[in-house]
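For reference, the structure is listed below as structure tokens.
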Amino acid sequence: QDNATLRTPSASQTATWTYGGDGGYAAVDPTDSNYCYGEHIFLSLHRTSNCNATNPSTQLINSGITDVGAGRANFIAPFILDPNDSQQIFAGASSLWRSGNVRNSVPTWSKMKENLDTDIRITAIAVAQGNSNIAWTSEQLISGDDSLREGRLYKTTNGLNTSPTWTTIDDNVNVNPLPNRFITRILVDRFDSTKVYVTFGGFTDGNLWKTSDGGTTWQDITGPGLPNVPIRGITQHPSDANKLYLGTEI
């Protein structure tokens, strides 16, 4: 309950709160570690501009994301810093939102992928290293036919346009190469953006899938050794493309 958003200075084992309540995703600006980002429930984003201080101060920066406060975001909603531009953030509620000036006193936000269905929730976001136009997102439907609830997947190759064009990779109906389960994370290979990894929830086998052709075909690479539990995190070794690290519920 109320795990908050915590931060530890370099060489310290003492954590301090930067924001209370239930904390979710977090990010540190790789170009200026004074800037740290976190969230409270339902995509209430906050920023710390003096993260290296003894008692860092925080400021809410979600003004303009109209889904926030309207009940149109997951309890813990995803956001990521653009790996190519640390002043740009992608955030998922009912629609997918983007800000290109998150260091401003009041950042501005625009819809990158608009969803008019207020029962849709973004569950994961990924952007290709080296090309911010390549972005992926996943969605769930929180009401209606159970066969449509989980695992919708989309990508764009012109994500920085005012109105990006999105390609359906999996909609659980007409295009359905992947399990119909909650997508927890998406990882675009840092060395080859046509290779993408998708992880799933569910206490079952088959929670790690890979495409090597931009989403046309998929392979279950869960393999032996992984427990039949949800995968909650995935990252790639910074210099070895063959090494992945997974965080599971064990």
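Every value quoted in this text rests on a predicted model; they were computed, and no experiment measured them.
- Every residue meeting the side-chain contact (heavy atoms from CB on, under 4.5 Å) condition with S212, not counting sequence neighbours, appears here in chain and number order: K195, K210.
- Using a distance-only test at 3.5 Å, with no hydrogens or angles considered, a donor-acceptor pair links the side chain of Q236 to the main chain of R190.
- Listed by first then second residue, pairs satisfying salt bridge (Lys or Arg N to Asp or Glu O under 4.0 Å) with a partner in residues 214-237 read R232-E249, not counting sequence neighbours.
- R98 has its side chain within reach of L160: a pair of non-hydrogen atoms, C-beta onward, lies under 4.5 Å apart.
- Using a 4.5 Å cut-off on side-chain heavy atoms (C-beta onward), T156 and K113 make no contact.
- Checked against side chain to side chain donor-acceptor pair (under 3.5 Å), D32 has the following partners two or more places apart in sequence or in another chain: N34.
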Result block: side-chain N/O donor-acceptor pairs under 3.5 angstrom for residues 13-22, not counting sequence neighbours:
| from | atom 1 | to | atom 2 | distance (Å) |
| --- | --- | --- | --- | --- |
| T16 | OG1 | R7 | NH1 | 3.1 |
| T18 | OG1 | T5 | O | 3.1 |
| D22 | OD1 | D2 | N | 3.0 |

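- Sorted by first and then second residue, the salt bridge (Lys or Arg N to Asp or Glu O under 4.0 Å) pairs involving residues 72-93 (not counting sequence neighbours) are D67-R72.
- Taken to the nearest 0.5 Å, the CD1 atom of I61 stands 10.5 Å off from the OG atom of S49.
- Using modelled atom types, no side-chain atom of N176 and backbone atom of D170 make a donor-acceptor pair closer than 3.5 Å.
- Other residues sharing the hydrophobic cluster of I221, ordered by chain and number and joined by side-chain separations under 4.5 Å: L187, Y197, L208, L226, I231, I234, L244, L246.
- One finds the SG atom of C36 at 9.5 Å from the CG atom of L81 (value rounded to the nearest 0.5 Å).
- Looking at heavy atoms from C-beta onward, D192 lies in side-chain contact with T194 at the 4.5 angstrom threshold.
- Remark: the N115 side chain and the R121 side chain contain no N/O donor-acceptor pair separated by less than 3.5 Å.
- At least one side-chain heavy atom of R152 sits less than 4.5 Å from a side-chain heavy atom of I120.
- The closest side-chain heavy-atom distance from C51 to S33 is not below 4.5 Å.
- For the side-chain contact (heavy atoms from CB on, under 4.5 Å) with W97, the lone residue among I89, N62, I65 that qualifies is I65.
- No side-chain N or O of N55 forms a donor-acceptor pair with one of S57 less than 3.5 Å apart.
- The CD1 atom of I122 sits 13.0 Å away from the CZ atom of F90 when rounded to the nearest 0.5 Å.
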>> Could you walk me through whether F75 and F42 satisfy the ring-ring contact (aromatic ring centres under 6.0 Å, His included) test, starting with their C-alpha distance in whole Å, then the side-chain angles of each, then the deciding distance to 0.1 Å, before giving a yes or no?
In response: CA-CA 5 Å; F75 188 78; F42 304 116; 5.4 Å; yes
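- Through direct or indirect side-chain contacts shorter than 4.5 Å among Ile, Leu, Val, Met, Phe, Trp and Tyr, F203 is connected to V229, I250.
- A 4.5 Å side-chain heavy-atom check between T217 and P177 finds every atom pair outside the cut-off.
- With hydrogens and angles disregarded, no donor-acceptor distance shorter than 3.5 Å links the side chain of D189 to the backbone of S193.
- Expressed to the nearest 0.5 Å, how far CG of N207 lies from OG1 of T248 amounts to 9.5 Å.
- For N3, there are no side chain to side chain donor-acceptor pair (under 3.5 Å) partners, not counting sequence neighbours.
- By the 4.5 Å heavy-atom criterion applied to side chains, I80 and I125 are counted as neighbours.
- To the nearest 0.5 Å, the span separating CD on E139 from CG on D119 amounts to 12.0 Å.
- Judged as a side-chain contact (heavy atoms from CB on, under 4.5 Å), and not counting sequence neighbours, the contacts of S239 are H237.
- Remark: the N101 side chain and the S99 side chain contain an N/O donor-acceptor pair separated by less than 3.5 Å.
- Under the rule for a side chain to side chain donor-acceptor pair (under 3.5 Å), the partners of S138 that lie at least two apart in sequence or sit in another chain are T123.
- Under 3.5 Å, the side chains of S163 and N161 contain no donor-acceptor pair of N or O atoms.
- Contact of the W109 side chain with the L45 side chain is registered, since non-hydrogen atoms from C-beta on lie closer than 4.5 Å.
- Expressed to the nearest 0.5 Å, how far CG of N228 lies from OG1 of T204 amounts to 6.0 Å.
- Residue pairs that meet the salt bridge (Lys or Arg N to Asp or Glu O under 4.0 Å) test with at least one member in residues 35-47, sequence neighbours left out, do not exist here.
- In the hydrophobic clustering, where aliphatic and aromatic side chains (Ile, Leu, Val, Met, Phe, Trp, Tyr) are joined below 4.5 Å either directly or transitively, W136 groups with I134, L153, I169, L178, I183, I186, V188, V196, V198, F200, W209, W218.
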> For R103 and D29, what are the C-alpha separation, side-chain angles and deciding distance, and is it a side chain to side chain contact (heavy atoms under 4.5 Å, CB included)?
Replying inline: CA-CA 10 Å; R103 289 188 190 172; D29 187 327; 2.7 Å; yes
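- The closest donor-acceptor contact from the side chain of T184 to the backbone of T199 lies under 3.5 Å.
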